[in-house]
Amino acid sequence: MIKLVRVDHRLIHGQVAFTWTKFLNTDCILIASDELLKDELRIAGLKMAKPSNVKLVIKSIEDSVKALNSGVTDKYNLLILCESVEDVYRLAKEVKVISAINIGGTKSDDNRKNISKAVHVSENDIKMIKELDSQGVNVFVQLVPDDDATSVMKLI
């Protein structure tokens with residue numbers, strides 16, 4: 001059962017490892033990322049950062065789609081993490097049960113517009129978010145569970 005799909009370029013850190021997993025009663029984190037699979041050092045760090053009572057699975061976007069659509073992940077209280085809007089867009093386009101996406105943190109750079117604390121989006125991100133919204137996916141910003149969720153459509 002998917003409890004939350006979240007975009008967070010830092011992936012597993014304090015907010016995710018402790019606040020979100022506890023709030024959601026998560027027993028498995030799935031990181032869907034093609035780039036991360038190329039970086040053994042980051043993978044090792046993420047394995048150390050996860051809570052001890054939570055399983056961590058790291059898959060490519062394609063393999064994540066296959067696992068989610070097959071039902072093999074249905075037995076878990078699943079938190080899905082993606083590093084970017086593009087990754088979560090690719091995932092949501094293929095996994096129809098994804099009805100909501102939390103944007104918790106995206107990288108800042110000169111080509112990105114700041115729309116909320118810790119959330120920066122490119123023109124391409126905005127285009128993908130609008131498409132997901134038009135297909136009925138609720139895309140929202142919420143850093144921690146105690147914060148109010150704000151529709152990204154109100155911010156872009």
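Scope of the values below: all heavy atoms of this structure, side chains included, with no hydrogens, waters or symmetry mates.
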Q: Do Leu46 and Leu36 make a side-chain contact, defined as non-hydrogen atoms from C-beta onward lying under 4.5 Å apart?
A: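 The answer is yes, as the side chains (C-beta and beyond) meet within the 4.5 Å cut-off.
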Q: Quick one: closest heavy-atom pair of Ala118 and Gly104, and the distance?
A: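 That would be CB-O, 4.1 Å.
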Q: Do the non-hydrogen side-chain atoms of Val65 and Lys93 ever get within less than 4.5 Å of each other?
A: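 Of all side-chain heavy-atom pairs linking Lys93 with Val65, none is under 4.5 Å.
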Q: Salt-bridged, Lys127 to Glu131, with N to O below 4.0 Å?
A: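 No, this pair does not count.
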Q: Taking Gln142 for the side chain and Asp148 for the main chain, is one N or O donor matched with an acceptor at less than 3.5 Å?
A: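 Absent.
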Q: Are the charged groups of Glu35 and Arg42 less than 4.0 angstrom apart, N to O?
A: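 Salt bridge absent between Glu35 and Arg42.
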Q: Would the distance check show the side chain of Asp34 and the main-chain N or O of Ile61 forming a donor-acceptor pair, the cut-off being under 3.5 Å?
A: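 The answer is yes, because a donor-acceptor pair under 3.5 Å joins these two groups.
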Q: Kindly determine whether Tyr76 and Met1 satisfy side-chain contact (heavy atoms from CB on, under 4.5 Å), including the steps that lead there.
A: CA-CA 6 Å; Tyr76 296 108; Met1 175 201 290; over 6 Å; no
Q: What heavy-atom pair brings Ile12 and Ala17 nearest, and what distance separates the two atoms?
A: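 In terms of heavy atoms, the two residues are closest at CG2-CB, 3.8 Å.
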Q: State yes or no: do Leu24 and Val144 share one hydrophobic cluster built from I, L, V, M, F, W and Y residues joined by side-chain heavy-atom distances below 4.5 Å, directly or via other members?
A: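 Each belongs to a different hydrophobic cluster.
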Q: I'd like to check Leu11 versus Val16 (side-chain heavy atoms, cut-off strictly below 4.5 Å). Are they in contact?
A: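 No; the side chains remain at least 4.5 Å from each other.
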Q: Take Thr106 and Asp8 through the side-chain contact (heavy atoms from CB on, under 4.5 Å) test and state the conclusion after the steps.
A: CA-CA 6 Å; Thr106 54; Asp8 196 318; over 6 Å; no
Q: If we only count heavy atoms from C-beta on, is the Asn138 to Leu132 side-chain gap below 4.5 Å?
A: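 No; the side chains remain at least 4.5 Å from each other.
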Q: I'd like to know whether CG of Asp109 has more than 12 heavy-atom contacts from other residues, nucleotides or ligands below 6.0 angstrom.
A: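 Yes, the 6.0 Å shell around CG holds more than 12 heavy atoms from other groups.
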Q: Any chance NZ of Lys47 has more than 12 other-residue heavy atoms, nucleotides or ligands included, within less than 6.0 Å?
A: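 Atom NZ in Lys47 is not crowded, with 12 or fewer foreign heavy atoms closer than 6.0 Å.
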Q: Does the side chain of Thr21 come within less than 4.5 Å of Asn53's, by heavy atoms?
A: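 A side-chain contact under 4.5 Å is absent here.
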Q: So Leu91 and Cys82, do their side chains get closer than 4.5 Å, heavy atoms only?
A: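 In short, these two side chains touch, coming nearer than 4.5 Å.
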Q: Examine distances only and state if a side-chain atom of Trp20 and a backbone atom of Leu79 form a donor-acceptor pair shorter than 3.5 Å.
A: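 A pair under 3.5 Å: no.
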Q: Less than 4.0 Å between a side-chain N and a carboxylate O, is that true for Lys113 and Asp125?
A: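 No, Asp125 and Lys113 are not salt-bridged.
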Q: Measure from the side-chain N and O atoms of Ser70 to the backbone N and O of Val72, and report whether any donor-acceptor pair falls under 3.5 Å.
A: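 Yes, because the side chain of Ser70 sits within donor-acceptor range (under 3.5 Å) of the backbone of Val72.
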Q: If we only count heavy atoms from C-beta on, is the Ser116 to Thr150 side-chain gap below 4.5 Å?
A: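 No - every pair of side-chain heavy atoms lies 4.5 Å or more apart.
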Q: Between Arg6 and Asn102, is there a donor-acceptor pair closer than 3.5 Å when you use the side chain of the first and the backbone of the second?
A: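 The answer is no, because no donor-acceptor pair under 3.5 Å joins these two groups.
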Q: Keeping the roles fixed (side chain from Ser84, backbone from Asp87), state whether a donor-acceptor pair exists under 3.5 Å.
A: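 Yes.
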Q: With a 3.5 Å distance limit and no angle check, can you tell me whether Asp27 reaches the backbone of Asn77 through a side-chain donor-acceptor pair?
A: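 Indeed, once roles are kept as given, a pair shorter than 3.5 Å links the two residues.
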Q: Would Val5 and Leu81 count as a side-chain contact (heavy atoms from CB on, under 4.5 Å) if you check the C-alpha gap in whole Å, the side-chain angles of each, and the deciding distance to 0.1 Å?
A: CA-CA 6 Å; Val5 178; Leu81 298 174; over 6 Å; no
Q: Checking side-chain contact (heavy atoms from CB on, under 4.5 Å) for the pair Ile101/Val7: CA distance, chi angles, key distance, verdict?
A: CA-CA 8 Å; Ile101 297 169; Val7 175; 4.1 Å; yes
Q: Distance-only, no hydrogens or angles: does the Glu86 side chain make a donor-acceptor pair with backbone N or O of Tyr89 under 3.5 Å?
A: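 No, because the side chain of Glu86 does not come within donor-acceptor range (under 3.5 Å) of the backbone of Tyr89.
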Q: What is the distance from atom NZ of Lys66 to atom CD of Glu94, rounded to the nearest 0.5 Å?
A: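 The NZ atom of Lys66 sits 11.0 Å away from the CD atom of Glu94.
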Q: Quick one: are Ile126 and Lys130 in side-chain contact, heavy atoms under 4.5 Å?
A: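 Ile126 reaches Lys130 side chain to side chain.
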